[in-house]
Amino acid sequence: MNHGDNNITVIDEEGNEQLCEILFTFDSDEFNKSYVLYYPIGEDDSDDEEIEIHASAFVPSEDNKDGDLQPIETEEEWDLIEEMLNTFLEEQDDE
């Protein structure tokens with residue numbers, strides 16, 4: 001994964017690159033991991049469809065210029081991510 005300010009390039013299992021926008025990131029002391037929530041750029045162009053948000057654990061490289069996305073491994077991690085996403089979305093609705 002390469003990352004810029006608000007964009008990351010995700011490479012899938014087949015080697016296809018997808019430019020994505022970062023929705024937000026957060027750290028979890030409970031799991032001792034960092035997480036990133038993101039969606040493919042272009043999916044936010046249509047108001048009729050819901051955006052598919054992806055989540056991954058993020059392991060930065062030593063120079064913090066890029067890093068690796070890791071799959072979410074447990075149901076407890078998914079519960080935490082869902083809770084953080086709901087809080088984020090509620091805050092956005094309040095603005």
Asn32, CG atom: more than 12 neighbouring heavy atoms under 6.0 Å:
no
Would you say the side chain of Thr9 lies within less than 4.5 Å of the side chain of Cys20, judging by non-hydrogen atoms?
no
Any sub-3.5 Å donor-acceptor pair from Glu82's side-chain atoms to Trp78's backbone N or O?
no
Could you measure the distance from the CG atom of Asn6 to the CD1 atom of Ile8? Nearest 0.5 Å is fine.
10.5 Å
Answer yes or no: does atom CG of Asp29 have more than 12 heavy-atom neighbours from other residues, nucleotides or ligands under 6.0 Å?
no
Sub-4.5 Å side-chain heavy-atom contact between Ile11 and Asn16
no
Just wondering, do Phe26 and Ser34 contact through their side chains at under 4.5 Å, heavy atoms?
no
Side-chain heavy atoms of Gln18 within contact of His54, under 4.5 Å
no
Answer yes or no: is there a donor N or O on one side and an acceptor on the other, between the side chain of Glu77 and the main chain of Thr74, under 3.5 Å?
yes
So do the side chains of Phe58 and Gln70 get within less than 4.5 Å of each other, counting heavy atoms only?
no
Determine, using the 4.5 Å side-chain heavy-atom cutoff (strictly less than), whether Val36 and Val59 are members of one ILVMFWY cluster.
no
Between CG of Leu23 and CD1 of Ile51, what distance do you get to the nearest 0.5 Å?
8.0 Å
Nearest 0.5 Å, what's the CG-CE distance between Leu89 and Met84?
11.5 Å
Min side-chain heavy-atom separation Phe31-Glu76 under 4.5 Å
yes
Interatomic spacing from CD1 in Ile41 to CG in Leu19 - rounded to 0.5 Å:
3.5 Å
Evaluate the side-chain proximity of Leu85 to Phe24: yes if any heavy-atom separation is below 4.5 Å, no if none is.
yes
Minimal heavy-atom distance between Tyr38 and Val10, with the atoms involved, is CE1-CG2, 3.8 Å
Nearest non-hydrogen partners of Pro40 and Glu52, listed with the distance:
CD-O, 3.9 Å
Side chains of Tyr35 and Ile72 in contact at under 4.5 Å (non-hydrogen atoms)
yes
